[in-house]
Amino acid sequence: MAFPLLTLTAAIPAVGAVATAAVPAGRRTAAKWLALAFSLATLALAAVQLVRFDPDAKGPFQLTESHAWIADFGVRYELGVDGIAVVLIALAALLIPFIMLAGWHDADPQESGSSRWRPTQGFFALILMVEAMVVISFEATDVFLFYIFFEAMLIPMYFLIGGFGDGAAGNGDAGAAAQRSYAAVKFLLYNLVGGLIMLAAVIGLYAVTADQLGSGTFSLQEIVQARAAGKLDIATTTERALFLGFFFAFAVKAPLWPLHTWLPNAMGEATAPVAVLITAVVDKVGTFAMLRFCLQLFPEASKWATPVIVVLALISILYGALLAVGQRDIKRLVAYASISHFGFIVLGIFAMTSQGQSGATLYMVNHGISTAALMLVAGFLISRRGSRLIADYGGVQKVAPVLAGTFLVGGLATLSLPGLAPFVSEFLVLVGTFSRYPAAGIVATLGIVLAALYVLVLYQRTMTGPVKEEVRGMPDLRARELAVVAPLIALLLVLGVYPKPVTEILDPAVRHTMSQVHQADPKPDVNDVEAAK
Amino acid sequence: MENLIGLLVLAPLLGAGVLLCGGRRLDRSGPWLGTLLAAVSFALGVVLFADMLGKGGEERALDVTVFQWVPVGGFRADVGFHLDQLSMTFVLLITGVGSLIHLYSVGYMAHDERKRRFFGYLNLFLAAMLLLVLADNYLLLYVGWEGVGLASYLLIGFWQHKPSAATAAKKAFLVNRVGDMGLSIAIMLLFTTFGTFAFDPVLDRATDAGEGKLTAIALMLLLAACGKSAQVPLQSWLGDAMEGPTPVSALIHAATMVTAGVYLITRSGAVFDAAPDAQTAVVTVGAVTLLFGAIVGCAKDDIKKALAGSTMSQIGYMILAAGLGPVGYVFAIMHLVTHGFFKAGLFLGAGSVMHGMNDEVDMRRYGGLRKYMPVTFVTFGLGYLAIIGFPGLSGFFSKDKIIEAAFAKGGTEGWILGGAALLGAAITAYYMTRVMLLTFFGEKRWQPDANGELPHPHESPRTMTIPMVVLAFGSVFAGGLFSINDTFLKWLEPVTGHEEGHSPVSALTVTAATMLVLVIGVAIAWAQYGRRPVPVTAPRGSLLTRAARRDLLQDDFNHVVLVRGGEHLTRSLVYVDHTLVDGVVNGTAASVGGLSGRMRKLQNGYARSYAVSMFGGAAVLIAATLLMRAV
Amino acid sequence: MNPVNYLYLAALLFTIGAAGVLIRRNAIVIFMCVELMLNACNLAFVTFARLHGNLDGQIIAFFTMVVAAAEVVVGLAIIVTIFRSRHSASVDDAGLLKL
């Protein structure tokens with residue numbers, strides 16, 4: 001039997017979570033270092049995955065593992081990664097240590113040693129738990145296995161959102177706690193409803209396979225192969241219903257307009273590192289699952305739904321950006337910006353062109369990094385002043401130039417400035433969309449103007465102008481904070497100038513997905529250019 | 001040689017990286033380091049230029065692909081450079097004027113505590129601008145295009161503590177983004193039409209595509225050019241951009257960045273030539289802007305804003321020339337280069353004046369400065385003579401050619417364009433004479449500054465005067481140098497192509513008419529500002545003057561329609577999101593909660609009421625069974 | 001005698017029992033009424049057994065008696081406990097699921 005690399009990558013953070021939770025109450029610092037060590041070990045394993053992964057190999061999945069699990073229902077423990085999954089696992093594994101470092105003091109108890117309750121241990125253990133579940137969601141090729149962890153992720157997330165705040169809500173501790181628990185419950189219910197609808201679709205899928213193949217199965221590959229061989233013929237209406245069931249859950253997670261309203265609440269109330277965890281890591285599972293499950297299991301239905309989804313994605317882009325412009329709260333602004341960006345990702349996926357899908361997958365990575373950079377710096381800023389309101393800042397640039405500089409770079413990445421990573425992916429999405437739906441491409445381009453608007457207005461109001469009294473004496477970035485931000489910014493620059501290593505891994509997986517959906521790129525009008533060269 | 005091209009871009013980029021990340025250690029040496037790297041870049045440019053001169057006209061272009069940038073499926077973008085005579089011209093202008101302005105800034109920014117960062121931004125600008133003109137495909141050009149936008153944003157807002165500077169910077173970036181939207185749509189169109197967006201394949205095969213597609217591409221490119229080059233209707237940012245330090249205004253907002261639009265149109269000449277409708281749009285934009293800018297320039301009392309209006313107007317000339325097709329490309333670029341010299345010189349002169357006058361910008365508070373700042377006076381004066389087109393100086397040659405080419409367009413169109421260009425020349429003579437008279441002649445109208453001190457004007461340090469002198473030389477001789485034996489035309493022709501225009505009026509007539517309107521413009525200005533004393537506070541002025549002071553009400557329009565409208569839109573959307581979208585969600589939750597609240601009331605704890613529901617239920621069941629059986 | 005008459009009697013007894021359960025408050029009386037309903041059912045079962053000529057109905061009647069006996073044991077115990085603590089056997093007073 002081959003070395004179970006994928007299982008191990010998911011198991012290490014899970015073990016780490018248990019170990020961190022078991023550290024005694026008095027040893028908070030030890031717990032932090034332990035959690036960080038486990039997250040670094042996961043990062044190392046993710047790196048090993050990247051190295052072992054061969055982009056040119058045949059077959060959709062690599063490093064596969066397959067064991068019978070619940071044989072009576074055809075549920076298997078099946079893992080495997082394609083180019084998209086392996087890159088996203090690397091992204092998640094990469095961001096978690098930064099999230100931990102950024103939130104190093106976020107969960108320190110207010111009064112020391114007073115109770116047996118261990119918030120710090122809990123905070124770090126929950127983060128590791130989320131990481132384990134995200135990783136296994138990216139790896140699972142069995143629909144049921146995926147579903148379990150897709151849903152289970154909600155539990156640690158619920159506690160992370162509801163249990164830890166940044167103390168900057170502005171209406172006292174009780175009010176803050178009430179807002180937090182409202183946000184956490186909203187997050188949980190929203191995603192649970194999505195998940196339940198998906199469960200119905202999962203069961204429906206099982207029923208269809210059991211009916212036609214003799215024994216039911218949840219295996220992605222088995223179903224895809226059976227469909228290709230003509231053994232499995234899902235009726236059009238059934239396929240559409242099942243597609244919608246899956247898509248609904250992923251659209252809540254992604255989040256797509258009009259299912260987005262949980263995100264601003266969750267990101268606003270959670271601490272900045274947890275907000276990054278939500279938007280940069282957990283939400284990626286939603287868009288990833290659209291590519292892996294919606295498109296591959298239900299290609300025809302995907303094509304059928306494309307026009308509506310493209311329109312929803314466009315609305316998300318413009319609506320998210322416009323709402324970001326109107327926000328008074330820094331974290332909610334970033335949340336709405338993320339909604340706009342998720343619109344781009346979904347648009348790229350459903351444009352059904354290789355540029356669009358490559359762009360969308362690359363966008364997932366780049367958005368993760370750029371949002372992490374912007375949000376974490378915003379978190380540092382908020383922790384200094386104790387307020388999330390934009391109006392409470394002004395002239396920070398003068399007192400904390402490095403903080404302002406990194407904030408600006410994060411913002412520029414968010415508005416997709418060429419030279420930084422998100423530009424490449426955003427442009428690919430736009431080109432890919434434009435070549436199939438020119439009108440949609442043009443409308444989406446408006447998003448880049450609005451992005452400039454909300455980022456620059458935010459920067460202007462917080463960082464420039466005369467120095468406000470409360471801001472005076474604000475310390476600049478500390479060594480730990482710089483250690484979080486600097487690598488992220490370096491990564492943004494490197495991927496902006498040289499994204500080839502990543503696109504080379506993504507490209508074959510995208511081509512595979514495209515062939516599953518039986519789509520080819522539109523041909524240019526003037527064909528013989530290459531020949532003329 | 002090919003490797004040098006990369007180095008050309010890399011040198012200032014390195015400077016930017018080192019200066020911006022270097023920390024306090026570089027505070028003192030930073031300015032010189034930045035200047036040195038700009039000079040290195042210029043030296044490399046000269047080496048490449050010498051190499052290019054050694055080759056025949058057609059073999060001069062150098063192509064080098066550095067690495068694959070974004071290879072995805074059929075989409076391929078490379079980081080590659082294309083150096084031909086057109087980009088060479090720009091390289092020399094950018095690095096040459098850029099180095100001079102670096103040198104000038106050493107003196108100008110000497111007392112600014114954040115000067116290290118200033119030079120970092122300047123170097124960043126140089127790198128981005130060089131990337132823009134050296135790129136061998138549109139996507140890489142776009143990187144440079146936005147890169148210069150970023151540098152411009154950072155430099156306009158360099159004095160961030162001033163809210164007006166921060167606002168101006170934001171405005172410049174946003175308006176430019178609208179233009180960038182045009183460029184990105186153009187690139188998408190190019191990709192769907194040609195399957196690539198590298199210059200060579202696209203421009204070689206441009207005529208194979210349908211005219212409709214080409215018109216769309218050309219119009220989008222024009223939108224981009226309008227944004228970057230401050231042409232109507234996206235011109236509103238340039239006046240505000242004068243909030244930046246003066247060297248920035250000279251380099252970015254006069255000599256180089258704002259001319260990028262002209263470069264883009266000239267570079268894409270093949271596309272425009274095949275889309276006559278788009279060319280009409282281009283000349284219209286050019287003609288409207290050259291008048292618009294000139295009128296605005298007449299009314300401004302802020303010396304830099306008057307010059308900004310002038311820049312707008314002069315670029316209008318260039319865009320007009322570029323829109324005329326092969327007749328005008330060479331002259332557009334020629335005017336661009338001469339304008340680079342004299343406008344940079346004028347701005348540096350203005351900076352020098354401000355330096356001596358405690359940063360006063362209102363020309364009504366200058367006066368009689370020629371005695372106190374002789375070098376500035378002479379260099380500024382030469383720039384002035386060049387821009388109004390005094391015979392023999394640079395502007396004379398380049399502007400005259402454009403006016404001729406405009407007439408050569410033929411028909412009514414030709415008369416309108418030529419007339420507009422002539423009128424523009426008259427207004428140019430007027431407002432520039434006004435600037436000259438208000439600043440250097442007449443009474444001293446100096447006012448105490450905010451601290452209550454009267455200014456003590458003095459000549460600026462060497463680091464500032466040397467660049468001014470060099471640029472003045474350029475303003476005087478460049479035009480003649482270019483025009484003797486048609487040197488410039490022969491130099492650029494292999495790239496842009498050239499056709500002789502057939503003007504309905506002879507070249508001599510045009511020159512004579514230009515001279516005539518020049519004299520008229522100068523005379524009116526003299527009558528208004530030279531003969532009579534100038535009031536220190538501006539008189540109310542006519543309706544047109546008042547409108548021109550407010551940029552012909554464009555800003556008011558933007559404010560009411562875009563800013564206010566946008567605010568209302570976002571506010572109402574925030575409201576909608578909160579009440580409607582979120583309301584539906586919360587409403588669903590609330591109605592489920594309400595329903596369960598009502599259901600709960602049935603569970604009242606009375607055993608006998610449970611019994612009733614049991615009996616009732618049983619009765620209903622039995623009745624239903626019986627009913628089913630009966631049916 | 002016509003066996004159908006026994007069914008009428010069973011229906012009558014059941015109705016009386018049901019009415020008693022609904023109307024009376026005293027737990028003991030309600031209890032007795034429940035017994036009455038059970039026995040009405042028994043009577044109906046036995047009658048049906050006789051009508052159909054098999055023993056199924058009689059067997060179920062025995063089942064019912066056994067279950068009823070068990071129920072009486074538990075039920076009376078509960079009623080007595082409630083009466084002891086509350087000095088009342090009214091079902092309306094015992095609505096809190098606790099003593």
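Residue numbers begin at 1 in each chain, while the letters A, B, ... track the order of the sequences. The basis for the numbers below is simple: all heavy atoms, side chains too, and nothing from hydrogens, waters or symmetry mates.
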### Task
Select one option (side chain, backbone, both, neither) describing which atoms of A/V193 are under 4.5 Å from chain B's heavy atoms.
neither
### Query
At a heavy-atom separation under 4.5 Å, does A/L189 approach chain B through its side chain, its backbone, both, or neither?
neither
### Query
So which part of B/N176 gets closer than 4.5 Å to some heavy atom of chain A, the side chain, the backbone, both or neither?
neither
### Task
Measure A/P522 against the heavy atoms of chain B and call it side chain, backbone, both or neither at under 4.5 Å.
neither
Could you give the side-chain donor-acceptor pairs of residues 418-429 of chain A under 3.5 Å, partners two or more places apart or in another chain?
unit_1	atom_1	unit_2	atom_2	d
A/S425	OG	A/N366	ND2	3.0
A/S425	OG	A/P422	O	2.9
A/E426	OE1	A/Y363	OH	2.8
A/E426	OE1	A/S416	OG	2.7

### Task
Quick one: which residue pairs count as a side chain to side chain donor-acceptor pair (under 3.5 Å) with a foot in residues 163-174 of chain B, not counting sequence neighbours?
A/Q460-B/T167, A/Q460-B/K170, B/S164-B/E243, B/K171-B/D240, B/K171-B/D555
### Message
Please classify the contact between B/L20 and chain A as side chain, backbone, both or neither, with a heavy-atom cut-off of under 4.5 Å.
### Response
neither
### Message
Looking at B/D582 and A/K186, is any side-chain nitrogen of the basic one under 4.0 Å from a carboxylate oxygen of the acidic one?
### Response
yes
### Task
Measure B/V585 against the heavy atoms of chain A and call it side chain, backbone, both or neither at under 4.5 Å.
side chain
### Task
For each of B/T192, B/D204, B/V581, tally heavy-atom pairs with chain A at distances under 4.5 Å, and name the one with the top tally.
B/T192
#### Entry: Heavy-atom pair of closest approach, residues A/Q355 and A/S435
OE1-OG, 4.1 Å
### Verdict with supporting geometry, B/D577 and A/H260, side-chain hydrogen bond (donor to acceptor under 3.5 Å, both in side chains)
CA-CA 10 Å; B/D577 195 56; A/H260 64 275; 2.7 Å; yes
### Task
Could you please state which residues from residues 500-513 of chain A sit under 4.5 angstrom from chain B, measuring non-hydrogen atom to non-hydrogen atom, sorted by number, or 'none'?
A/K500, A/T503, A/D507
### Task
Verify the ring-centre separation between B/F75 and B/F197: is it less than 6.0 angstrom?
yes
### Query
Atom OG1 in B/T570, atom OH in A/Y336: separation rounded to 0.5 Å?
12.0 Å
## Note on the structure
Highest number of heavy-atom pairs under 4.5 Å with chain A among B/H161, B/K213, B/R117 belongs to B/H161
### Contacting moiety of A/Y454, where chain B heavy atoms sit under 4.5 Å
neither
### Contacting moiety of B/L154, where chain A heavy atoms sit under 4.5 Å
side chain
### Query
In chain order, what residues pass the side chain to side chain contact (heavy atoms under 4.5 Å, CB included) check against B/V563, with sequence neighbours excluded?
B/H559, B/E567
### Task
Among the options A/L430, A/I448, A/L259, pick out the one with the most heavy-atom pairs lying under 4.5 Å from chain B.
A/I448
### Message
I'd like to verify something: which residue of A/L408, A/L412, A/L415, A/V402 has the highest number of heavy-atom pairs under 4.5 Å with chain B?
### Response
A/L415
#### Entry: Interatomic distance, A/Y393 atom OH to A/T464 atom OG1 [nearest 0.5 angstrom]
15.0 Å
### Distance-only polar pair, side chains of B/N586 and A/Y182, donor-acceptor under 3.5 Å
yes
### Message
Nearest 0.5 angstrom please: B/K115 NZ to B/L26 CG, how far?
### Response
12.0 Å
### Message
Which atoms of B/L150 are under 4.5 Å from chain A, going by heavy atoms: the side chain, the backbone, both sets, or neither?
### Response
side chain
### Task
Kindly compute the distance separating CG (B/L190) from CG (B/L214), expressed to the nearest 0.5 Å.
9.0 Å
#### Entry: Best-contacting candidate, B/V576, B/L131, B/I187, B/L139, against chain A by heavy atom pairs under 4.5 angstrom
B/L139
#### Entry: Side-chain donor-acceptor pair present, A/W262, A/N191, cut-off under 3.5 Å
no
